[in-house]
Amino acid sequence: MTVTGTSNWNWNRKIVRFFFVPVTCSSYKFQLSLVCYSVHAMEHLQGLNERQKEAVLHTEGPLLIIAGAGAGKTRVITSRILHLIKEDAAPETILAITFTNKAAKEMKDRVFHLLNSPPTTDNRQQGNQIPVTGGRWPVAGSPWMGTFHSLGAYILRENAHCLDIPKHFAIFDRDDSIRATREAIKEVGLDPKSFEPARILGKISREKGNMVGVEEFLNLPEARYFEKVVGSVWKVYEAVLRREKALDFDDLLLKATVLLVKERAVRERYQKRWRYIHIDEYQDTNHAQYMLAKLLAGEHKNIAVVGDEDQLIYGWRGASIKNILHFEKDYPSAKIVFLEENYRSTQTILTVANRIIKKNKQRKEKTLFTRGAEGDKIGFFAAYDEGEEAAFIAACAQKLIAEGAPPREIVVLFRANFQSRALEEAFLCAKVPHQVLGIRFFERKEVKDILSYVRASLNQDGLADFQRIVNVPPRGIGKVTLLKIIAGTENGLPAATREKIAAFRKLLDEFSRKLATLPLSEAIRWILTGSGLEEELKRCGEDGEERLENIRELVTFAARYDAPEGARSREDAVQTFLEDAALQSEQDELKEEADAVRLMTVHASKGLEFEYVFISGLEEGLFPHERSRVEESVAGAGEARMEEERRLFYVALTRAKKKIFLTYAGVRTIFGSRQATLPSEFILDIDEEFLQVEQYSSSGEKSGDKIIFFD
């Protein structure tokens with residue numbers, strides 16, 4: 001007996017939808033699988049303001065939501081998804097895309113909470129890319145929620161048969177891509193010291209984001225010398241990717257988009273599958289992401305995008321402000337909703353931010369406001385040098401903590417990474433708990449070693465992973481032996497060496513069987529022990545123990561992917577784990593449980609909020625960066641860069657809930673040279689009535705007075 005169908009019951013003021021999947025009945029077995037979503041009839045609209053409700057209730061046709069900082073855009077997206085389900089849209093027809101794993105996880109948590117269903121872990125069958133801590137694998141009938149890159153990976157794996165790529169391709173992270181670029185530079189006869197791999201890779205990334213492939217790039221007319229160098233390196237770089245059976249981050253978007261352009265049947269299948277599309281942070285989309293979204297929207301055009309051109313800070317990565325400013329041209333029937341009520345900051349902060357950003361020309365006019373408190377003035381401290389600046393910030397943070405502020409509600413923002421050294425030194429000296437957003441967890445050597453073991457066990461032809469771990473821990477297999485393996489002349493090696501290589505490959509075969517038969521976390525524990533890495537690290541003292549702790553944390557992370565028997569194949573669970581590890585962003589590394597002051601770049605702070613915000617290094621040439629002052633051969637390029645710097649300052653201001661402190665150093669050491677500096681124009685743009693001078697002495701005492709500027 002097989003029963004399928006859906007039913008809606010109105011019971012106890014709730015809308016209850018049951019999704020029935022096949023029921024098998026025999027004399028021995030009776031299995032029933034169903035998922036019940038219980039949604040309070042109007043719960044998802046409670047507490048929304050009129051503009052937010054307007055966005056939630058518009059369910060058919062294109063929708064542009066211009067959401068100012070702190071205007072509750074995530075709540076609007078999740079409420080809209082709930083409303084669609086309440087209005088009989090099948091959950092699996094809903095697609096929601098954002099830019100970071102952290103944002104996707106938050107969105108997923110909120111949706112499942114509102115559905116009165118416990119948080120669930122990622123489901124490869126549905127394509128959900130981001131695991132939710134705790135819970136279980138969901139059954140069929142979930143909205144797809146993830147990042148653009150995880151969506152690209154999902155589409156490519158589902159359609160690998162249409163492309164010249166393996167279904168279980170590896171994903172190169174930035175370190176892998178830089179290594180491959182350096183290798184390509186050497187192969188074309190150039191010196192990596194003269195041609196910086198990161199710069200060439202950045203150019204390749206920008207071109208891929210603009211939907212330009214290597215062959216098209218090589219055929220560009222009147223290419224300058226640098227472009228010719230990039231083209232020759234890029235061609236070899238692509239050969240390295242093919243050899244490693246890998247794609248880089250940009251390939252996930254480029255190849256998925258090209259696939260949808262070329263394969264009509266594939267494109268129409270996804271257009272029918274996802275009838276309701278939501279895209280967060282639309283202002284940050286590059287051309288490939290823009291095209292991917294447009295192709296998926298197809299003829300139904302049920303696409304809702306949320307963004308704020310005033311928060312576009314990734315132009316250097318290829319994000320195009322035209323995508324959001326020209327949305328109405330792409331979709332003439334689009335409804336536009338402005339969300340201007342801010343639920344985060346004081347009115348003082350918003351007034352200053354509004355006046356700063358109004359100087360930009362490429363924007364839609366809006367003014368943020370709050371029904372909350374007027375708030376404190378913005379603190380300003382002029383330090384002698386970066387040492388005094390850092391000492392002031394650490395002392396001020398220490399005082400705030402003593403007065404009851406949670407350390408995690410304090411953040412220090414800076415424009416350039418090098419500024420973190422003086423700041424961290426001051427926080428260490430003051431013994432203030434802090435967390436520097438620096439090396440990401442998945443970039444640590446020991447973590448990458450384990451990930452390479454997993455990938456090499458699944459694909460021994462992946463030379464990059466094989467090379468990385470063949471002698472980790474040491475097995476007496478040196479560089480000369482590796483070169484011969486790569487060159488395919490392994491048979492010419494001494495018998496004893498061949499035995500070592502054979503034993504290592506046998507070990508990888510055993511790991512492969514463990515990955516196929518054990519829950520992922522158990523398999524990784526087995527790899528840690530079986531590889532000899534655990535024993536090796538235990539011999540390395542405190543440093544080795546710390547590295548072991550990182551691997552144990554990786555095991556904890558992997559436990560999220562321990563699918564129960566029959567829920568889906570172990571292989572798919574492993575591939576999802578590897579994808580998520582490769583696609584982690586800086587924000588995903590924030591330890592939410594760590595009660596410490598955060599130190600990070602302004603770029604890394606996007607989407608976060610804190611009670612107290614310090615914005616340091618506000619000097620001409622640093623913030624705004626000197627690149628915004630460089631004369632450009634392309635008309636208007638300098639002005640566009642300055643507008644992006646102003647948007648970056650606007651983002652920094654709008655992270656704050658209660659209080660902002662602005663600091664600058666009159667003397668700063670850069671590249672070993674002490675240089676006199678001038679205050680940033682951003683400080684001069686703030687009216688005196690909103691500023692209060694902060695005074696500081698080595699004893700930590702400070703007082704305030706109004707600031708006066710002299711022209």
Side-chain angles (χ1 to χ4, degrees), residues 97 99 101 124 127 129 146-184 197 200-217 230 233-263 266 270 286-289 291-292 295 317-318 442-443 448 451-452 454-456 458-468 571-572 574-585:
I97 311 171
F99 272 78
N101 289 349
R124 168 59 65 179
Q129 301 298 307
T147 65
F148 262 110
H149 288 92
S150 55
L151 174 63
Y154 172 63
I155 291 173
L156 291 174
R157 292 199 194 282
E158 271 206 336
N159 300 278
H161 60 282
C162 298
L163 304 161
D164 187 23
I165 58 172
K167 180 180 180 181
H168 300 299
F169 53 81
I171 299 176
F172 270 18
D173 63 17
R174 181 169 173 78
D175 283 351
D176 294 328
S177 292
I178 288 178
R179 172 191 57 77
T181 305
R182 184 178 292 108
E183 182 181 328
I200 291 179
L201 180 63
K203 178 64 175 176
I204 293 172
S205 177
R206 285 289 297 270
E207 293 299 328
K208 286 185 176 183
N210 288 328
M211 297 291 294
V212 175
V214 61
E215 295 302 328
E216 183 181 352
F217 185 79
V230 171
V233 172
W234 188 354
K235 193 168 185 178
V236 177
Y237 173 75
E238 291 297 322
V240 173
L241 287 170
R242 286 194 298 272
R243 187 179 68 211
E244 300 289 345
K245 297 182 179 179
L247 302 179
D248 64 19
F249 285 173
D250 300 294
D251 286 330
L252 299 177
L253 302 175
L254 174 61
K255 291 185 181 296
T257 305
V258 170
L259 171 70
L260 296 184
V261 170
K262 291 183 176 181
E263 300 290 339
V266 175
Y270 288 115
N286 61 21
H287 187 58
Q289 291 161 333
M291 285 297 298
L292 183 59
L295 289 164
R317 286 185 184 173
F442 290 97
E443 289 179 355
K448 294 194 73 170
L451 293 175
S452 284
V454 174
R455 287 194 295 263
L458 299 176
N459 175 26
Q460 293 190 28
D461 293 331
L463 291 177
D465 292 312
F466 190 90
Q467 290 179 71
R468 182 181 184 93
E571 185 179 43
D572 279 350
V574 173
Q575 288 299 331
T576 306
F577 162 76
L578 292 173
E579 273 181 26
D580 290 345
L583 297 176
Q584 292 288 304
S585 70

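All values reported here derive from a predicted model rather than from experimental measurement. The residues of the chain are indexed from 1 along the displayed sequence. All heavy atoms count here, side chains included; hydrogens, waters and symmetry mates do not.
- Within a 6.0 Å sphere centred on NZ of K208, other residues, nucleotides and ligands contribute more than 12 heavy atoms.
- Residues M211 and V258 are in side-chain contact: their nearest non-hydrogen atoms beyond the backbone lie under 4.5 Å apart.
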E579 and Y154: CA distance, side-chain angles, deciding distance, side chain to side chain contact (heavy atoms under 4.5 Å, CB included) verdict: CA-CA 10 Å; E579 273 181 26; Y154 172 63; 5.8 Å; no
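- Side-chain contact between I97 and L292 is absent, with no heavy-atom pair separated by less than 4.5 Å.
- In plain terms, the two heavy atoms of Y237 and D248 that are nearest each other are OH-OD2, 2.8 Å.
- Across all non-hydrogen atoms, the minimal contact from A582 to D173 is O-CB, 4.5 Å.
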Criterion side chain to side chain contact (heavy atoms under 4.5 Å, CB included) on L247 and L241, from CA distance to verdict: CA-CA 6 Å; L247 302 179; L241 287 170; 5.8 Å; no
Derivation of the side chain to side chain contact (heavy atoms under 4.5 Å, CB included) call for E158 and Y270: CA-CA 11 Å; E158 271 206 336; Y270 288 115; 2.6 Å; yes
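- Between V266 and C162, the closest heavy-atom pair is CG2-SG, 4.3 Å.
- With contacts defined as side-chain heavy-atom distances shorter than 4.5 Å, the pair I171/L578 does not qualify.
- Between L163 atom CG and I155 atom CD1 the span is 11.0 Å, to the nearest 0.5 Å.
- Taken from CG in L254 to NE2 in H287, the straight-line distance is 10.5 Å, to the nearest 0.5 Å.
- Proximity of K255 to L259: side-chain heavy atoms (C-beta onward) are nowhere separated by under 4.5 Å.
- Residues D175 and K448 are in side-chain contact: their nearest non-hydrogen atoms beyond the backbone lie under 4.5 Å apart.
- Counting only heavy atoms from C-beta outward, the side chains of D251 and I165 never approach each other to under 4.5 Å.
- Summarising the geometry, atom CZ belonging to F99 is positioned 4.0 Å from atom CD belonging to Q289; distances are rounded to the nearest 0.5 Å.
- A donor-acceptor pair under 3.5 Å is absent between the side-chain atoms of S205 and the main chain of L201, judged by distance alone.
- Taking CH2 from W234 and CD1 from I200, the interatomic distance works out to 12.5 Å, rounded to the nearest 0.5 Å.
- Here the CZ atom belonging to R157 is positioned 7.5 Å from the NE2 atom belonging to H168, to the nearest 0.5 angstrom.
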Pair Q575-L458, side chain to side chain contact (heavy atoms under 4.5 Å, CB included): steps then yes or no: CA-CA 10 Å; Q575 288 299 331; L458 299 176; 3.6 Å; yes
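- The minimum heavy-atom distance between A153 and F169, with the atom names listed, is O-CZ, 4.1 Å.
- Electrostatic pairing of R455 and E244 does not count as a salt bridge here, judged by no charged N lying under 4.0 Å from a carboxylate O.
- Applying the 6.0 Å contact sphere to NZ of K235 captures no more than 12 heavy atoms from other residues, nucleotides or ligands.
- Between the side chain of N286 and the backbone N or O of A288, at least one donor-acceptor pair lies under 3.5 Å.
- Between the CG atom in D465 and the CG atom in D176 there is a gap of 7.5 Å [rounded to 0.5 Å].
- Salt bridge status for D164 with R242: absent, with no side-chain N to carboxylate O gap under 4.0 Å.
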